[in-house]
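Below you'll find the structure, written out as structure tokens, and then a few comments.
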Amino acid sequence: MAAVAEQQLPDLREPAGWRRTKNRIATVLMWVAFALVIIPLGFVLYTVIAKGASIISWQFLTSGPIPPNVLPANVGGMGPAVLGTILITALATVLAVPLGVLGAIYVNEYGGKGPLAQVVRFMADVMTGVPSIVMGLFIFSIWVLHFGYSGLAGAFALGCLMLPVVIRSSEEMLKLVPDPLREASYALGATKSRVTLTVVLPAAIGGIVSGALLAVARAAGETAPLLFTILTVTQANLNVFSGPNTALATQIFVNASQPFTGAQQRAWGAALTLIAIAFILMIAARIVTARFTRYSR
């Protein structure tokens, strides 16, 4: 009986010949591409960990002010830079993410192919390719020259870099929401705004959070805009609305360009700290995404 049953089952294996060969070639090429991408990233991560792990300590992460470049690595710490990075990036996120999500909602749900929606898409595409130093010069010319250096100016520059990424990624996630979900809600008498808030956004929240995370990761590591907007000081400034500030990215630039061993070690430690912050944000975003996905089911 077993032999008869096996004979009756259809052969689900891939047919022999050139199709199977092409499939195997494509599989090998994908694995090669994956290796070509992951190997350099692995070397970068290994180098940063190997050179920066020895200096990482609680004192390095919390103490301040940041010591002069000539002092050894075990003196002082990067506490002001860690605090400045968190404050400026958080403020930029508060400014850019809500505006970006609202812009994506308008473009995808309301604007359609209208002229304003086309302009928003075009400007988002253009801004995505703008070099970060140009954005820093833009904020420097319209804000810093009139109101001075501040963490707010740095947040404006980083927010301008984050905004197009959030708009385009959120729009693509909203496009993936099936239209039958919208149509079923309309059939029940729901308004367009209610459908967007209670059906479309919960269905796309995972991708929206991932896009926001991508934008935050890009902004947290930018150096050029901050050099034009916050300067680089050695003490913490809790007032992001007034006075120069500092961040890990600018401290990496300043210390890595020095010939002193202590400064270079602090640069490696700051780089590892910045990677760790991005990793923590990624884990937090995954947890939030999982919770929203569970509640939306």
Side-chain angles (χ1 to χ4, degrees), residues 36-92 131-133 135-137 140 144 149-151 153-155 157-158 161 216-240 243-283:
L36 292 176
V37 171
I38 203 67
I39 289 175
L41 293 177
F43 276 118
V44 170
L45 186 61
Y46 171 78
T47 303
V48 174
I49 293 175
K51 293 182 176 293
S54 60
I55 194 177
I56 295 295
S57 63
W58 184 250
Q59 174 187 350
F60 178 82
L61 297 175
T62 59
S63 65
I66 300 172
N69 297 324
V70 296
L71 294 182
N74 57 358
V75 177
M78 286 286 176
V82 174
L83 181 60
T85 298
I86 294 174
L87 291 177
I88 295 172
T89 306
L91 183 57
S132 59
I133 191 170
M135 202 64 70
L137 287 172
F140 176 81
V144 175
Y149 295 96
S150 65
L158 298 184
L161 294 173
V216 172
R218 180 192 178 187
E222 290 292 348
T223 304
L226 298 183
L227 292 176
F228 287 98
T229 53
I230 69 170
L231 288 181
T232 303
V233 295
T234 59
Q235 295 190 12
N237 182 9
L238 297 177
N239 185 4
V240 294
N245 213 312
T246 186
L248 286 170
T250 58
Q251 289 296 332
I252 293 171
F253 172 78
V254 171
N255 285 273
S257 61
Q258 300 298 320
F260 308 106
T261 303
Q264 294 178 3
Q265 290 181 348
R266 279 188 288 272
W268 285 112
L272 182 57
T273 304
L274 193 57
I275 292 176
I277 291 175
F279 184 72
I280 293 171
L281 290 174
M282 181 178 64
I283 294 177

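Predicted model only: the values in this text are computed from it and were never measured.
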Evaluate side chain to side chain contact (heavy atoms under 4.5 Å, CB included) for I252 paired with T223, printing each intermediate quantity in order.
-> CA-CA 9 Å; I252 293 171; T223 304; over 6 Å; no
Dump the intermediate steps for side chain to side chain contact (heavy atoms under 4.5 Å, CB included) on Q251 and T273, then the final yes or no.
-> CA-CA 12 Å; Q251 289 296 332; T273 304; over 6 Å; no
Take T89 and I277 through the test side chain to side chain contact (heavy atoms under 4.5 Å, CB included) and record every step on the way to the result.
-> CA-CA 11 Å; T89 306; I277 291 175; over 6 Å; no
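Contact detail for P80 and P65: the closest heavy-atom pair is CG-CA, 4.3 Å. Pairing each heavy atom of A236 with each of L83, the nearest pair is CB-CD2, 4.0 Å. In terms of heavy-atom proximity, S63 sits nearest to G76 at OG-C, 3.4 Å. Between A153 and V144, the shortest heavy-atom contact is CB-CG2, 3.9 Å. What you find for G154 and I88 is that their closest heavy atoms are C-CG2, 3.9 Å. In this structure, P225 and T229 approach most closely via the heavy-atom pair O-OG1, 2.7 Å.
A distance of 9.0 Å separates CG of N237 from CG of L87, quoted to the nearest 0.5 Å. Here the straight-line distance linking atom OG1 of T246 with atom CD of Q235 works out to 11.0 Å at 0.5 Å rounding. Taking OG1 of T250 as the reference point, atom CD1 of I230 lies at 4.5 Å (rounded to 0.5 Å). Put simply, CD1 on I55 and CZ on F60 are 4.5 Å apart, with the number rounded to the nearest 0.5 Å. Atom CD1 of I133 sits about 10.5 Å away from atom CD of E222, to the nearest 0.5 Å. In this structure, T47 OG1 and L272 CG are separated by 11.5 Å, a value rounded to the nearest 0.5 Å.
For the pair N245 and L226, the minimum side-chain heavy-atom distance is 4.5 Å or more. In this structure, the side chains of L158 and L91 stay at 4.5 Å or more apart for every pair of heavy atoms.
With Q258 contributing its side chain and Q264 its backbone, the two residues share no donor-acceptor pair below 3.5 Å. When atom types are taken as modelled, the side chain of R266 and the backbone of P72 share a donor-acceptor pair closer than 3.5 angstrom.
Open room surrounds CZ on F253; 12 or fewer heavy atoms of other groups in view lie less than 6.0 Å from it.
The aromatic rings of F140 and F228 sit perpendicular, their planes meeting at an angle over 60°, well past the 30° parallel limit.
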